[in-house]
Enquirer: 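The structure is given below, and queries will be raised subsequently.
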2 protein chains.
Amino acid sequence: MLMHAAEQFRAICEEAGLAVTHQRLVIWEKLATMPGHPSPEEVYAQVKEEIPSISLATVYKTIHLFVDTGIFREASPHHGSMRVETNHEPHHHLVCRVCKSITDIPSEQLGFGGPLGDVPGGFLVERYAVDVLGICAGCRKPA
Amino acid sequence: MLMHAAEQFRAICEEAGLAVTHQRLVIWEKLATMPGHPSPEEVYAQVKEEIPSISLATVYKTIHLFVDTGIFREASPHHGSMRVETNHEPHHHLVCRVCKSITDIPSEQLGFGGPLGDVPGGFLVERYAVDVLGICAGCRKPA
DNA sequence: GTGGTTGCAAAATATTTGCACACTC
DNA sequence: GAGTGTGCAAATATTTTGCAACCAC
């Protein structure tokens, strides 16, 4: 059965143990209906239409909260600062969600090679970058 | 046959049409031998040992130059600002290297599903994020 | 010599934090 | 009422830019 958005968000917060505030509700509603991969600034602009007094800091805090509790994900698992790829061999990445470390694995080991060239939609495929997300050996131990 | 590093770099620069400077040579040498996915700050620290007067701005400029000419790659194709994933369906990304746009494609359409759970090395796999890199339909047209 | 390159300092962008007040539970 | 959440402003972090001196070709 359908739930009113506010009801649905209330349930999500209960599950995650979060307080339900007006700001969080509106940020969640906007995120849920925004297409693509919005930046915090874009979310801020949207939310501001409904809550003119909201601050950008609150949007950042709330997005982090949503990501930390699994309500939304980050589009890019490692976006912080620029990183240079020094390994010229075909390879993919093991990305630890706890310590954020990035480890290379050779392409063959993953056994993935999609088609290159044209695909439906007119996109020209040049290569694939696969991030294998999870938890590294070091972070799985109780340290 | 083996080439001295400086010789090799000279050849690379000739191919790319770049002037060979001491700074560029040292940055290139450091990058080529640094393991992992160094940040500009880390590269700067390394290069500074050899050229104490180098500036961080030069390191940034040079890294961009190397990336633009294809001498090195960026580890993360979309790292600028944080982006929130609002699409809860399993999907992957078409990333255009010209306009930086990110378009979703459903997982089935790519036909990739690797194993989840433990893999050799102790890494716990939770999910895969695939970036399909290339040029989007819009950027292929001569605009 | 000429034009591209570097270093410096300042600017622009992106994100985080401390703190007083306000609101949820 | 207790404790969490919010807004503001300042602090950090990251990356870019303008410009004069300098170096490769």
Enquirer: For the rings on A:Tyr128 and A:His92, is their centre-to-centre separation under 6.0 Å?
Expert: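 No, ring centres 6.0 Å or more apart.
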Enquirer: Spell out, yes or no, whether A:Ile54 and A:Phe66 are grouped together once hydrophobic residues are joined by side-chain heavy atoms under 4.5 Å, including indirect joins.
Expert: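 Same cluster: A:Ile54 reaches A:Phe66 through Ile, Leu, Val, Met, Phe, Trp or Tyr contacts under 4.5 Å.
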Enquirer: At a heavy-atom distance below 4.0 Å, which nucleotide of DNA chain C is the first touched by chain A, and which is the last?
Expert: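 Nucleotide range with atoms under 4.0 Å of chain A: C:dA14 to C:dC25.
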Enquirer: Identify the two heavy atoms, one from B:Glu85 and one from B:Asp104, that lie closest to each other, and give their separation to 0.1 Å.
Expert: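 The answer is OE2-OD2, 4.1 Å.
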Enquirer: Would you mind reading off the distance between B:Leu25 atom CG and D:dC23 atom P, rounded to a whole angstrom?
Expert: 16 Å
Enquirer: Let's see if you get this right: which residues in residues 43-70 of chain B place a heavy atom under 4.0 Å from DNA chain C?
Expert: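 DNA chain C contact set from residues 43-70 of chain B: B:Ser53, B:Ile54, B:Ser55, B:Ala57, B:Thr58, B:Lys61.
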Enquirer: Which residue in the set B:Glu41, B:Lys48, B:Glu42 passes side chain to side chain donor-acceptor pair (under 3.5 Å) when paired with B:Tyr44?
Expert: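 Among B:Glu41, B:Lys48, B:Glu42, the one that satisfies the side chain to side chain donor-acceptor pair (under 3.5 Å) with B:Tyr44 is B:Lys48.
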Enquirer: Whether B:Arg83 and A:Glu74 form a salt bridge (side-chain N of Lys/Arg under 4.0 Å from carboxylate O of Asp/Glu) is what I want to check.
Expert: no
Enquirer: Check for me, please, whether B:Ile63 and B:Trp28 land in the same ILVMFWY cluster - side-chain distances under 4.5 Å, paths through other members count.
Expert: yes
Enquirer: What do you reckon, is CZ of B:Arg10 surrounded by more than 12 foreign heavy atoms closer than 6.0 Å?
Expert: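 Not buried by this count: 12 neighbours or fewer within 6.0 Å.
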Enquirer: For B:His22 and A:Gln23, take the nucleotide of DNA chain D holding the closest heavy atom to each; which residue's nucleotide lies nearer the 5' end?
Expert: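 Per heavy-atom nearest nucleotide, the more 5' residue is A:Gln23.
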Enquirer: Calculate, to the nearest 0.5 Å, the distance between atoms CD1 and SG belonging to A:Ile102 and A:Cys136 respectively.
Expert: 12.0 Å
